[in-house]
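Encoded as structure tokens, the structure appears first; notes follow it.
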Amino acid sequence: MTTIAQNLQLVRARIAAACQAAGRDPASVRLLAVSKTFDADAVIEAVSAGQYAFGENYVAEGVDKILALRSCQAGTPAGGLALEWHCIGPVQSNKTRLVAEHFDWVQSVDRLKIAQRLSEQRPPHLPSLQVCLQVNVDGGANKSGLAPADVLALAQAVAQLPGLTLRGLMAIPEPAPDFVAACALHERAKALFDAINNAGVLPVPLDTLSLGMTADLEAAIHAGSTMVRVGTAIFGGR
Ligand SMILES: *Cc1c(COP(=O)(O)O)cnc(C)c1O
């Protein structure tokens with residue numbers, strides 16, 4: 001077994017243990033493998049070990065990998081292997097077209113202008129782009145993301161855009177000193193997620209709460225994460 005395959009087993013075991021500790025169904029948490037800075041061969045190793053959803057931070061690097069994987073999958077039977085690519089890094093206006101044309105999800109939307117461009121530029125032959133709004137739950141200064149008070153209004157606007165499907169919220173809390181402190185930060189995102197759904201103003205409820213990385217996935221799952229984004233524990237240090 002390759003190192004990446006072994007690492008994936010360990011991460012899946014961590015997710016299962018965290019779900020058990022939290023009294024949650026392990027099937028309620030998806031694993032996004034964050035492959036930023038690693039090459040297409042590393043992604044292929046993960047695919048061979050049964051991983052299908054990948055996250056990329058840098059748009060150009062992500063598109064290169066998407067195209068590389070697509071060309072090496074060209075010989076596989078139709079319906080055989082559908083990878084799912086998530087853009088999880090900041091999206092500038094001049095990169096929206098690349099994102100709209102190549103990715104399946106964008107988790108880092110925090111401005112209406114970017115959402116509108118993504119919607120307009122989504123090619124009509126593709127399914128709608130799946131979107132999470134990035135929320136800055138702790139006011140961390142060097143981070144993109146909406147202030148919690150602004151999320152509901154943007155969610156309502158994004159839900160109207162024809163090229164997009166609003167799925168949920170994503171947050172990257174600051175590192176916390178211990179499990180309890182990490183849970184408290186993740187719980188802010190969960191509370192906001194619940195408040196938006198309880199407001200009852202969206203055409204379809206949010207179903208995705210993207211929280212948790214290598215260091216804090218247990219706390220995120222405890223707080224209610226439905227998708228953990230894990231890089232280091234799968235691919236190694238960057
Ligand atoms: C890099 C990154 C991750 C993965 O972080 P690790 O600590 O390597 O697991 C998850 N989410 C985002 C937004 C990232 O930029």
Side-chain angles (χ1 to χ4, degrees), residues 3-15 17-18 29-39 42-43 45-46 49 51-66 84-92 95 99 103-111 114 129-146 151 167-179 181-183 185-186 188-190 193 208-238:
T3 306
I4 288 174
Q6 275 170 348
N7 288 346
L8 271 166
Q9 276 195 350
L10 293 172
V11 170
R12 290 183 191 126
R14 277 178 68 184
I15 293 170
V29 180
R30 295 187 66 197
L31 172 59
L32 183 70
V34 177
S35 44
K36 66 183 178 202
T37 77
F38 290 90
D39 62 13
V43 174
E45 267 188 46
Q51 178 64 31
Y52 294 99
F54 293 90
E56 289 285 336
N57 275 61
Y58 311 105
V59 173
E61 177 194 333
V63 170
D64 284 348
K65 253 173 266 183
I66 291 169
E84 187 181 280
W85 291 94
H86 295 232
C87 176
I88 59 172
V91 180
Q92 311 298 336
K95 294 281 164 47
V99 172
F103 282 85
D104 304 293
W105 286 62
V106 190
Q107 299 199 10
S108 40
V109 171
D110 62 1
R111 282 183 288 155
I114 295 295
L129 191 57
Q130 310 295 297
V131 168
C132 292
L133 304 183
Q134 183 176 348
V135 192
N136 188 343
V137 285
D138 46 21
N142 302 320
K143 223 166 24 193
S144 35
L146 287 153
V151 174
R167 296 295 297 270
L169 304 182
M170 183 272 264
I172 317 170
E174 295 297 304
D178 56 44
F179 181 77
C183 288
L185 291 178
H186 287 300
R188 292 190 202 174
K190 167 67 168 160
F193 178 85
T208 301
L209 184 55
S210 175
L211 291 176
M213 318 199 297
T214 292
D216 62 357
L217 71 89
E218 284 82 4
I221 288 171
H222 185 268
S225 171
T226 70
M227 189 185 295
V228 292
R229 310 177 307 269
V230 179
T232 307
I234 296 171
F235 295 106
R238 294 182 293 270

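First listed ligand is number 1; within each ligand, the first listed atom is number 1. Since the structure is predicted, the reported quantities are computational estimates derived from the model, not experimental observations.
In this structure, the side chain of Arg229 engages the main chain of Ser210 through a donor-acceptor pair within 3.5 Å. Not one N or O on the side chain of Glu61 forms a donor-acceptor pair closer than 3.5 Å with the backbone of Val63.
Put simply, CD on Glu174 and CG on Asp138 are 5.0 Å apart, with the number rounded to the nearest 0.5 Å. The structure places NE2 of His186 at 10.0 Å from CD of Glu218, a figure rounded to the nearest 0.5 Å.
Atoms of ligand 1 found under 4.0 Å from any heavy atom of Arg229 (numbered from 1 in listed order, with element): 4 (C), 9 (O), 10 (C), 11 (N), 12 (C), 13 (C). Set against the non-hydrogen atoms of Asn57, the atoms of ligand 1 under 4.0 Å away are 14 (C), 15 (O). Near Thr232, meaning under 4.0 Å from one of its heavy atoms, ligand 1 places the atoms 6 (P), 7 (O), 8 (O), 9 (O).
At a 4.0 Å heavy-atom cut-off, ligand 1 touches Lys36 through the side chain alone. Residue Thr214 touches ligand 1 through backbone and side chain together, judged by heavy-atom distances below 4.0 Å.
Note: Trp85 and Phe54 meet the aromatic proximity criterion, with ring centroids under 6.0 Å apart.
Closest approach of Ser108 to Gln134, counting heavy atoms only: CB-OE1, 3.5 Å. Summarising the geometry of Ser35 relative to Lys65, their closest heavy-atom pair is O-NZ, 2.9 Å, with the distance given to 0.1 Å.
Taking only nitrogen or oxygen atoms, main chain and side chain alike, Ala233 does not reach within less than 3.5 Å of ligand 1.
Using a 4.0 Å cutoff on heavy atoms, Gln107 does not count as a contact of ligand 1.
Summarising the contacts of atom 13 (C) of ligand 1 with Val34, Ile234, Ile172, Val228, the nearest heavy atom is found in Ile172. Taking each of Val230, Asp216, Ile88, Leu217 in turn, the one with a heavy atom nearest to atom 12 (C) of ligand 1 proves to be Ile88.
For atom 3 (C) of ligand 1, the nearest protein heavy atom (residue, atom name, distance) is Met213 SD, 3.6 Å.
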